[in-house]
Amino acid sequence: MEVITTIAGLREELYPRRAHAQIALVPTMGALHAGHLALIEAARTQCELVVISLFVNPTQFGSAADFDCYPRTLERDGQAAEAAGVDYLFAPSTEEVYPAGFQTQVEVADVSRGMEGAARPGHFGAVATICLKLFNIVQPDRAYFGRKDAQQAAVVIRMVHDLDIDVDVRIVPTVRDTDGLALSSRNVHLTQRERQAALALPEALAAGRAAHALGGDPVGAAREALTEAVDVVMDYVDTMRLNGQSLLAGSITVGSTRLIDNVILDPGAQEVF
Ligand code: AMP
């Protein structure tokens, strides 16, 4: 695996290999866990060349404190990526991505509204912009995103469609811990007690899914479960569409950590992969 920090360097590496290999891109902010590894594994089985980007994108954070606290484990990430079969790890500096004078932003209007878009103003514009930059830099055949961040995936899919970007976006199912909590880089901030309380989110979404299967209201059932949960502040529960599937998505705050999760509502639905 090669670690590359410049846009020109990555382009130079990929240019001669492009004609003979399908290129996969896995965008991440690092602090790699088994969820990221599932994306890499999907990429590796479907493409000859795997590029993973590792960039904690400052523009998509609401506060400097949240950005500063985001876990950074570059050395360990490099080892994990290499062991997972990544060919190129692209880890640019902030100045490389946003040189002086940078001023362009992509906005995906409707899909960015509500849920995470309401909780984190400006977030999806920043996400769409960095994804478009990465698509232009790598020019991948396929790009891999997790269903865990379902609204983000929906924003990227909409942008790719609207802007005629020649990339096949693949959505990988959410990887969970054995107790059901969706893996997230932010989980390291949870105390043991908070981690226990955080299980209320997957449990509430499961309750919503069960209610839906019986013809009931999934949003109401999940909200009720979260209202009764201890040490948890509910942000939202809502339904959304992703790749033709209905999802029940929710967000909670436990202590100072904000978590998101979702489940597929359609009974017996196959994961999109
Ligand atoms: P992040 O580093 O948090 O920006 O995530 C990078 C990519 O990994 C995004 O496409 C996420 O949706 C995906 N991802 C994060 N957590 C998980 C998970 N538990 N299961 C599957 N994909 C995930």
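Counting convention: from 1, in listed order, for ligands and their atoms alike. One-based numbering along the sequence shown.
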Practice task
Could you check R195 against D179 for salt bridge (Lys or Arg N to Asp or Glu O under 4.0 Å), going step by step and ending with a plain yes or no?
Solution key: CA-CA 10 Å; R195 205 187 172 296; D179 57 10; 2.6 Å; yes
Would you check, one step at a time, whether the test salt bridge (Lys or Arg N to Asp or Glu O under 4.0 Å) holds for R120 with D235? CA-CA 11 Å; R120 307 177 69 182; D235 185 349; over 6 Å; no
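Ranking the protein heavy atoms by distance from atom 14 (N) of ligand 1 puts D149 OD2, 4.1 Å first. Ranking protein heavy atoms by distance to atom 21 (C) of ligand 1, first place goes to P173 O, 3.6 Å. In terms of protein heavy-atom proximity, atom 20 (N) of ligand 1 is closest to V175 N, 2.8 Å.
Close approach of ligand 1 to M29 is summarised as follows: ligand atoms under 4.0 Å from at least one heavy atom of the residue are 1 (P), 2 (O), 4 (O). Close approach of ligand 1 to L183 (heavy-atom distance below 4.0 Å) involves ligand atoms 16 (N), 17 (C), 18 (C), 19 (N). Here is the list of ligand 1 atoms found below 4.0 Å of a heavy atom in G146: 9 (C), 10 (O), 11 (C), 12 (O), 13 (C), 22 (N). Near T28, meaning under 4.0 Å from one of its heavy atoms, ligand 1 places the atoms 2 (O), 6 (C). Within the listing of ligand 1, atoms 7 (C), 8 (O), 10 (O), 13 (C), 22 (N) sit less than 4.0 angstrom from a heavy atom of L39.
Ligand 1 has no atom lying under 4.0 Å from any heavy atom of A34.
Counting heavy atoms closer than 4.0 Å to ligand 1, residue H33 contributes side-chain atoms (C-beta onward) but none from N, CA, C or O. No part of S184 comes within 4.0 Å of ligand 1, judged by heavy-atom distances. Counting heavy atoms closer than 4.0 Å to ligand 1, residue V26 contributes nothing at all. Contacts with ligand 1 closer than 4.0 Å are made by side-chain heavy atoms of Y70 only, the backbone lying farther away. Residue contacts with ligand 1 for P27 involve N, CA, C or O but no side-chain atom from C-beta outward (heavy atoms, distance under 4.0 Å). Contacts between H36 and ligand 1, counted as non-hydrogen atom pairs separated by less than 4.0 Å, involve the side chain only.
With values rounded to the nearest 0.5 angstrom, R147 atom CZ is found 7.0 Å from Q245 atom CD. The CG atom of L248 lies 11.0 Å from the CE atom of M240; values are rounded to the nearest 0.5 Å. For the atom pair CG of L265 and CG of L205, the computed distance is 9.0 Å after rounding to the nearest 0.5 Å.
In this structure, the side chain of E96 engages the main chain of I7 through a donor-acceptor pair within 3.5 Å. Looking at D217, its side chain does come within 3.5 Å of a backbone N or O of G220 through a donor-acceptor pair. Without hydrogens or angle criteria, D87 side chain to V50 main chain gives a donor-acceptor distance under 3.5 Å.
Not one N or O of F145 is nearer than 3.5 Å to an N or O of ligand 1, by distance alone. Considering backbone and side-chain atoms together, V172 places no N or O closer than 3.5 Å to any N or O of ligand 1.
In this structure, E194 places its CD atom where more than 12 heavy-atom neighbours from other residues, nucleotides or ligands lie under 6.0 Å away. The neighbour count for E107 CD, taken as heavy atoms of other residues, nucleotides or ligands under 6.0 Å away, is above 12.
If you check the side chains of Y98 and N57, you find a donor sitting under 3.5 Å from an acceptor.
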